[in-house]
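Inspection log for the structure reproduced underneath, given as structure tokens.
In the text below, chain A, chain B and the rest are named by the order of the sequence lines, each starting its count at 1.
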Amino acid sequence: MTAERFDPATADSRWQRIWDERQCFRADDASTKPRSFVLEMFPYPSGRIHIGHVRNYTMGDVLARYKRMRGYEVLHPMGWDAFGMPAENAAMEKGVHPGGWTRDNIANMKAQLKRLGFALDWSRELATCEPEYYGHEQSLFLDLYAAGLVYRKESAVNWDPVDMTVLANEQVIDGRGWRSGALVEKRKLSQWFLRITDFADELLEGLSSLDTWPEKVRLMQENWIGKSQGLRAKFHFVDSEDGIEVFTTRPDTLFGASFVAIAADHPFAQGMAANLPELAAFIAECKRGGTTAAELETADKLGFNTGYTVEHPLKKSRHLPVYVANFVLMDYGTGAVFGCPAHDQRDLDFARKYDLPVTRVVAEGDDTASRFDGDEAYSGPGRIVNSEWLDGMTIAEAKAAVIARAQHDGWGTAETQYRLRDWGVSRQRYWGTPIPFIHCEICGIVPVPKKQLPVVLPEDVSFDVPGNPLLRHPTWKHVDCPQCGKPATRETDTLDTFVDSSWYFLRFASQPADRPFDPEEIKRWLPVEQYIGGIEHAILHLLYARFWTRALARIGKIDVKEPFASLFTQGMVTHETYSRIDSANGQPVFFSPQEVERGGEAATLKVDGAPVEIGRVIKMSKSKKNVVDPDEIVATYGADAIRWFMLSDSPPERDLPWSEAGIEGCARFVQRQWRLFGQYDAHASGEDKALDRKRDQTVHAVAQDIESLGFNKAVARIYELTSATEKAAPSASRSAAIKALLLLVAPMMPHLAEEAFARFGEGLAAEALWPAVDPALLVDDEVTVAVQVKGKLRDTLTVAKGMPKDELEKLALASDKVQRAIDGAEVKKVIVVPDRLVNIVA
RNA sequence: GCGGACGUGGCGGAAUGGUAGACGCAGGGGACUUAAAAUCCCUUGAGCUUGCUCGUGCGGGUUCGAGUCCCGCCGUCCGUACCA
């Protein structure tokens, strides 16, 4: 006799304990089974598990459990991306130590994850903030340095002149420091860089092998790398051997050039500024503002006419003015461009502002006039015009012709450029991996000897003043130079946290104490079969992880080139917002879902019963208070209900709107399944062919859906089979369908499945195999064929599968409905798609 | 600014170029009950003349046939190199 209701409050933790005790989800390195490495992006330990994490890890969990049922040895690990700014912010705001804060958060979040019943191998847990992890990272960083892939150069940061500290882009709000409110400026610092540009071509070409990655992610990475063929050309100063080298991807428009613009930090600009105070002032002006691309690109186009002119390389008599301009980036190309305003929007904006000539050199349709009106540049296709010997060529022909001429005459060369820049990894912050170098006045930059690793962060630091505590720590940075033994100082910058997440998957697969990993073990587990995480990581994290893997392969540390064989980017969890306008200041005040009573069309505040405004459905965020706490949901409805919700309805790559009604529906479905599982009768007899067919078709389709991560479709099919099974009369077939259903939902609702399966006396559902299907049952013997007249549906026919075309046509024409629709007109054509449709064109 | 995606009933969505709206939620009606909860059954795109018309953000196009392919718009979201 089964209990009437499934009680997650007692069952969830009981099964979680049993899985733990039996070490059900421990990955066996020595296993002879085929292997599967399922990985979700590890979380930042912010304090509480966010519902977005639940969605991410539920998807991975279903796949991991499913793979196990299909006979794979599964590696499904979890860890913590534990360095980063929020810990330092907490230290400043609450006076807690970043380490203590982070480790407490990890303990809390780990307990939360356990309550959700994820099939994780906790024996491999790691946190990037522990020396046992980052010490190995320092060692790998030194290896990359030895291979010439690490170097130092100057680079700009956001500088807060009041707090005298470097700001992250996130800490710059409307051009001002978030704490001081001071106008932010750019400041140059000497920083550490990784030579990712050495891998630009490899990373680009590697994308084509990642055919199970989303097309959009590959495209975004391709555009980010931004390979372009162009011309590097020298524009000589008038009557001088000196000149300015520019890079252009549009050499075809060279005759349309009307000015040359160089970056504010271009050596020529810097040199001229020494004798030209107005230019020095302009360059200082360019230092205002932050360093983000969006900010640089949308800033007003500003220029300074240096008074110098250069010769047009194709027509020495034409002289072009040289401007210093804020929209030219020293980091890209040569830090100098020629402006062709008619065919580049930025150049046009600039030309209109400074009243420079605008000449059309690419025909726009029939328009070949050299005069160019309006404020919209033309960047489309067309023949070259107003360009002497280039006239009449296509853009591609003209590009080749100009490059050929430049090479022949010696003023330019064909060049491949990348938009991708080297990766600056220095951060002027405490809570990160110390960069293992020592600055010695005599020996220069000296790597920390490997036997002195890890370089451990000091614990005794203070956050009472802004800036990097490592810099003002009384003793930590003072060391003797490993080379000459004289007093020297440690590097006080720490590594970008993206470095920590660029190799953690390797450490999951293999974690010896004395080295970062064992290459043989890496070979057995990598690449990750399925990686799942947010689309926000489409470019940076995923590109950096690909780069580290290739860099480590290049220096012979591992034998894998691409870390993630398959990638899936899931959508966010969203929720509507509730607010009222505060009459005092006109600003909205937000309320959490717990404070609000939600009716059909309206919502009221529980405390006063008066209405609140229902806002748009947006990403859950603390500031909008539209968050729900996974822990509370688990306590109210159980882990399986929230897991089921995460998989239902929305396709996993799209946003999932949270709703109270939805989670209640899921909790009801858990009970509905429980009642059905309770009706299992191992001794029932009798056959139900239709149900057998439905069962095997569902098992087959759900397997395919899980493998392609189409969880919402799998869920819909499970609903259908559930309804069909409930309606069926008792039979052996019905019992088989119930058992199959139980195993289908086992990866999704594992606690319910265990509780029910225990009564079958066949061991643990977590160790059960996926139900087998009879291929003969997968094909239907009857099909429904649509009958259209001129593309509009008029009738349907139920016929034997595989009926020949001419018979289908005859049957379709015999239909009353079809004859009425034809209405005596002549039948001109009949299209027959066997087993699907007949379309009559009359 | 640049790069990428998305847009289908009241809502989330389904649909190898071939019957638009599977499945779920919400709503309406009913059964059971002293009552409620739970459960079960029926019903639900719009319009009208009840067997027809219109319907997949907007405007064009290709096709026997378009939610799906092409061109041009509009709107929303994500990334933009120091948030993770």
Side-chain angles (χ1 to χ4, degrees), chain A residues 4-5 41 43-44 46 81 83-86 155 157-158 166-172 191 196 214-217 219-224 226 290-299 327 331 345-346 349 419-429 496-498 501 534-541 543-544 569 571-572 574 600-601 616-619 648-651 653-657 659 661-662 664-666 668-669 671-672 675 712-713 715-720 723 726 784-796 817 820 828-831 833 836-841:
Chain A
E4 209 160 292
R5 289 181 64 79
M41 292 178 185
Y44 176 80
S46 58
D81 188 14
F83 274 135
M85 279 204 310
S155 164
V157 294
N158 300 306
V166 176
L167 298 177
N169 286 336
E170 194 183 56
Q171 298 171 315
V172 179
Q191 307 197 67
I196 190 171
E215 185 61 37
K216 60 177 171 179
V217 174
L219 238 169
M220 280 192 255
Q221 292 216 349
E222 189 182 321
N223 289 330
W224 185 259
T291 58
T292 69
E295 209 169 339
L296 295 173
E297 296 281 339
T298 53
F327 66 88
D331 293 323
Q345 192 59 48
R346 278 186 317 192
D349 294 344
R419 210 185 70 96
L420 182 68
R421 306 197 300 261
D422 273 339
W423 176 13
V425 293
S426 291
R427 297 293 180 271
Q428 296 69 41
R429 273 192 277 278
D496 179 3
T497 57
F498 272 125
S501 53
I535 183 68
E536 67 273 18
H537 292 296
I539 296 174
L540 295 181
H541 162 59
L543 193 63
Y544 292 150
T569 55
M572 295 178 301
T574 57
E601 301 249 306
R616 284 192 314 130
V617 178
I618 55 169
K619 179 180 182 172
S648 305
D649 293 354
S650 286
E653 69 277 11
R654 272 203 242 169
D655 289 352
L656 170 66
S659 79
E664 282 169 11
C666 291
R668 276 200 299 273
F669 185 66
Q671 299 301 338
R672 186 173 157 204
R675 287 192 299 273
N712 57 321
K713 290 187 245 174
V715 163
R717 294 185 206 282
I718 287 170
Y719 274 112
E720 288 185 58
S723 296
E726 284 169 337
T784 306
V785 173
V787 182
Q788 298 178 334
V789 177
K790 288 192 280 187
K792 279 184 198 250
L793 182 73
R794 295 298 169 186
D795 201 0
T796 59
K817 290 174 181 171
R820 225 180 307 154
K828 294 184 187 124
K829 195 172 175 186
V830 180
I831 290 120
V833 183
R836 289 222 72 124
L837 148 147
V838 180
N839 188 14
I840 295 154
V841 186

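Backbone-only engagement by K792(A) is indicated by non-hydrogen atom pairs under 4.0 Å involving sugar-phosphate atoms exclusively. Within the nucleic acid shown, T784(A) comes within 4.0 Å of at least one base atom, counting heavy atoms only.
Considering only residues two or more places apart in sequence or on other chains, Y544(A) meets the ring pair (Phe, Tyr, Trp, His ring centres under 6.0 Å) condition with W423(A), F498(A). For N169(A), the side-chain hydrogen bond (donor to acceptor under 3.5 Å, both in side chains) criterion is met by N158(A), T291(A), not counting sequence neighbours. Checked against salt bridge (Lys or Arg N to Asp or Glu O under 4.0 Å), D496(A) has the following partners two or more places apart in sequence or in another chain: R427(A). Listed by chain and number, the residues in a side-chain hydrogen bond (donor to acceptor under 3.5 Å, both in side chains) with D349(A) are Q345(A) (sequence neighbours excluded). For Y44(A), there are no ring pair (Phe, Tyr, Trp, His ring centres under 6.0 Å) partners, not counting sequence neighbours. Remark: E726(A) engages R672(A) in a salt bridge (Lys or Arg N to Asp or Glu O under 4.0 Å) (not counting sequence neighbours). Scanning for salt bridge (Lys or Arg N to Asp or Glu O under 4.0 Å) contacts around R346(A) gives E297(A), with sequence neighbours left out. For E536(A), there are no salt bridge (Lys or Arg N to Asp or Glu O under 4.0 Å) partners two or more places apart in sequence or in a different chain.
In this structure, the CD1 atom of I840(A) is 15 Å from the P atom of G65(B), given to the nearest Å. One atom, CD of Q345(A), and another, C1' of G3(B), lie 17 Å apart when rounded to the nearest Å. The distance from atom CD of E222(A) to atom P of G3(B) is 13 Å, rounded to the nearest whole Å. When the P atom of G12(B) is taken as reference, atom CD1 of I618(A) falls 16 Å away, rounded to whole Å.
Comparing N223(A) and A716(A) by the nucleotide of RNA chain B whose heavy atom lies nearest to each, the residue mapping closer to the 5' end is N223(A). The residue among M572(A) and V715(A) whose nearest nucleotide of RNA chain B is located toward the 5' end is V715(A).
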Polar atom pairs between nucleotides 39-44 of chain B and protein, under 3.5 Å, N or O only, would you list them?
none

Can you tabulate the close N/O pairs, meaning under 3.5 Å, that link protein atoms to atoms of nucleotides 13-16 of chain B?
residue : atom : partner : partner atom : Å
A14(B)  : OP1  : N712(A) : ND2          : 3.3
A15(B)  : OP1  : K713(A) : NZ           : 3.1

Under the rule of Watson-Crick or G-U wobble with both distances under 3.5 Å, where | means paired to another strand and [ ] a crossing pair, RNA chain B maps to (((((((..(((.....[....))).(((((.......))))).((((..))))..(((((..]....))))))))))))....
With B for base contact, S for sugar-phosphate-only contact and - for none (protein heavy atoms under 4.0 Å), nucleotides 79-84 of chain B reads SBBBBB
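Nucleotide G30(B) is shown with an anti base, its glycosidic torsion being more than 90° from 0.
Nucleotides A31(B) and A36(B), compared at atom C1', are 16 Å apart to the nearest Å. Taking the P atom of each, A66(B) and G12(B) are spaced 26 Å apart, rounded to whole Å.
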